[in-house]
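Contents: one structure, followed by commentary.
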Amino acid sequence: MPSRLKFFAVLFGVPLVAPAVHADLVACWGFQGTLNSDIGGAALTSFDPLGQNSFTTTTLYGQQRQVYSMFGSQGAGNNAGLVLDAPSFLSNNSSYSLEILFSQMNAPNTNGWRKIYDNSNLTQDQGLYVDPSSHMTYYGGGGSGTATIADNTFYNVILTFNGLTNAGNVYVNGVLDSSFTGVNPAISNNTIPLSFFMDDSVTSRGEFTDASVGLIRMWNSEL
């Protein structure tokens, strides 16, 4: 039977596919009209090159709910997305967990790769992607998962990383989808900001996706 994370959390009255509340939860962005963390800590910064990012309303888990939608284009300075000043709250930069509830949109990238999460200040190609086969993968660390990530559909994706073993797991909608070792997704320099939905300079900012996001949470430990 596939490994699973527990799913019983409720946020703003809406049941979410998410791990139960944990003592090491350090930040939670629910995107209800604000980019501030709902439990304190740093706000997310929006990159909005086309001036089209906005809070919109969609149906999540059977209820109407606000999400944050981002629209950009290829090339340096043109990707739309979010940036987070992690050092302000993430003290354990070796072992941590990240949850993203998002929907990707069709974007005109050149080869089908779409970067979802970057911890290198957009200077390295490694990171969490939707690959050309529409599967989640932590590029540089192992094979793709098996869950299909369709356009315009929300998925709950959780990345867990253990800094002692240099091993990580990716869960899609609570089911273990892939595991990886051999790369280091730790935030090795805690002055480096984290980025969401924007591509790195190695591939000329071409591997990106327009996206909507309904929840981001971070923990100071491996869940």
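Residue numbers run from 1 in the order of the sequence given.
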Quiz item: Could you state the interatomic distance from CG (Asn152) to CE (Met105), rounded to the nearest 0.5 Å?
Solution: 7.0 Å
Quiz item: Would you say Asp199's side chain and Glu207's backbone share a donor-acceptor pair under 3.5 angstrom?
Solution: yes
Self-check item: Ser179-Asn169 side chain donor-acceptor pair, cut-off 3.5 Å
Solution: yes
Practice problem: Check the pair Thr56 / Ser69 against side-chain hydrogen bond (donor to acceptor under 3.5 Å, both in side chains), numbers first and verdict last. | Solution: CA-CA 7 Å; Thr56 59; Ser69 297; 3.1 Å; yes
Quiz item: Considering all heavy atoms of both residues, which atom of Leu98 and which atom of Met218 are nearest to each other, and what is their separation?
Solution: CD1-CG, 3.8 Å
Quiz item: Would a hydrophobic clustering, with Ile, Leu, Val, Met, Phe, Trp and Tyr connected at side-chain separations under 4.5 Å, put Leu82 with Tyr155?
Solution: yes
Quiz item: Are Met70 and Phe55 connected in the hydrophobic side-chain network, where two residues link if heavy atoms are under 4.5 Å apart?
Solution: yes
Quiz item: Does the side chain of Phe71 come within less than 4.5 Å of Pro49's, by heavy atoms?
Solution: no
Quiz item: Under the side-chain hydrogen bond (donor to acceptor under 3.5 Å, both in side chains) test, which residues partner Ser133, sequence neighbours left out?
Solution: none
Exercise. Report yes if the side chains of Val172 and Asn156 come closer than 4.5 Å at any heavy-atom pair, otherwise no.
Key: no
Exercise. Taking the side chain as every heavy atom from C-beta outward, state whether Thr59 and Gln64 have any atom pair closer than 4.5 Å.
Key: yes
Practice problem: Would you check if the side chain of Ser97 reaches a backbone N or O of Leu223 as a donor-acceptor pair within less than 3.5 Å? | Solution: yes
Quiz item: Which residues satisfy the ring-ring contact (aromatic ring centres under 6.0 Å, His included) test with Phe196, sequence neighbours excluded?
Solution: Tyr117
Quiz item: Could you walk me through whether Arg114 and Phe208 pass the side chain to side chain contact (heavy atoms under 4.5 Å, CB included) check?
Solution: CA-CA 4 Å; Arg114 303 175 185 186; Phe208 81 102; over 6 Å; no
Quiz item: Would you find a donor on one side and an acceptor on the other, under 3.5 Å apart, between the side chain of Asn36 and the backbone of Ala43?
Solution: no
Quiz item: Is there a donor in the side chain of Ser144 and an acceptor in the side chain of Asp131, or the other way round, less than 3.5 Å apart?
Solution: yes
Self-check item: Test log, rule side chain to side chain contact (heavy atoms under 4.5 Å, CB included), inputs Leu60 and Phe154
Solution: CA-CA 8 Å; Leu60 282 176; Phe154 277 88; 3.5 Å; yes
Quiz prompt | Criterion side-chain contact (heavy atoms from CB on, under 4.5 Å) against Ile116, the qualifying member of Val130, Val213, Thr137, Val157 | solution = Val130
Self-check item: Interatomic distance, Leu122 atom CG to Met198 atom CE [nearest 0.5 angstrom]
Solution: 5.5 Å
Exercise. Using a 4.5 Å cut-off on heavy atoms from C-beta on, say whether the side chain of Met136 contacts that of Tyr129.
Key: no
Quiz item: For residues Asp48 and Ser46, is any side-chain donor paired with an opposing acceptor at under 3.5 Å?
Solution: no
Quiz item: Looking only at atom types and distance, does a side-chain atom of Ser95 sit under 3.5 Å from a main-chain N or O of Gly163, one as donor and one as acceptor?
Solution: yes
Quiz item: Who pairs with Asp118 by side-chain hydrogen bond (donor to acceptor under 3.5 Å, both in side chains), at least two apart in sequence or on another chain?
Solution: Lys115, Ser120
Quiz item: Is the Tyr139 ring parallel, tilted or perpendicular to the Trp113 ring (thresholds 30°, 60°)?
Solution: perpendicular
Quiz item: Do Leu25 and Arg217 pass the side chain to side chain contact (heavy atoms under 4.5 Å, CB included) test, and can you show the C-alpha distance, the side-chain angles, and the key distance before you say yes or no?
Solution: CA-CA 7 Å; Leu25 178 68; Arg217 294 200 282 188; 4.0 Å; yes
Quiz item: Hey, does Ile216 have a side-chain heavy atom less than 4.5 Å from the side chain of Glu99?
Solution: no
Practice problem: Report the distance from atom CD1 of Ile149 to atom CG of Asp177, rounding to the nearest 0.5 Å. | Solution: 7.0 Å
Exercise. Check the pair Leu101, Phe31 against side chain to side chain contact (heavy atoms under 4.5 Å, CB included), reporting the backbone distance first and the verdict last.
Key: CA-CA 11 Å; Leu101 177 67; Phe31 300 100; over 6 Å; no
Exercise. Say whether, by atom type as modelled, one donor and one acceptor occur between the side chain of Thr123 and the main chain of Asn121 under 3.5 angstrom.
Key: no
Quiz prompt | Side-chain donor or acceptor of Gln32 paired with backbone N/O of Gln66 under 3.5 Å | solution = yes
Self-check item: Under 3.5 Å: donor-acceptor pair, side chain of Tyr96, backbone of Asn162
Solution: no
Quiz item: In Å, rounded to the nearest 0.5 Å, how long is the span from CG of Leu159 to CD1 of Ile100?
Solution: 8.0 Å
Quiz item: Is a side-chain donor or acceptor of Asn53 paired with a backbone partner of Phe47 at a separation under 3.5 angstrom?
Solution: yes
Quiz item: With distance as the sole test, does Thr181 use its side chain to make a donor-acceptor pair with the main-chain N or O of Gly168 at under 3.5 Å?
Solution: no
Quiz item: With a 3.5 Å cut-off and no angle check, do the side chains of Ser103 and Ser212 form a donor-acceptor pair?
Solution: no
Self-check item: Side-chain (Ser37) to main-chain (Cys28) donor-acceptor, under 3.5 angstrom
Solution: yes
Quiz item: Looking at OG1 of Thr209 and CG of Asp151, how far apart are the two atoms once the value is rounded to the nearest 0.5 Å?
Solution: 7.0 Å
Quiz item: Do the side chains of Phe161 and Asn119 get nearer than 4.5 Å, heavy atoms only?
Solution: no
Quiz item: Mind checking whether Asp200 and Gln124 have side chains closer than 4.5 Å, heavy atoms only?
Solution: no
Quiz item: Any side-chain heavy atom of Trp29 within less than 4.5 Å of one from Thr34?
Solution: no
Quiz item: What are the two closest non-hydrogen atoms of Ala211 and Phe197, and how far apart are they?
Solution: CB-CD2, 3.6 Å
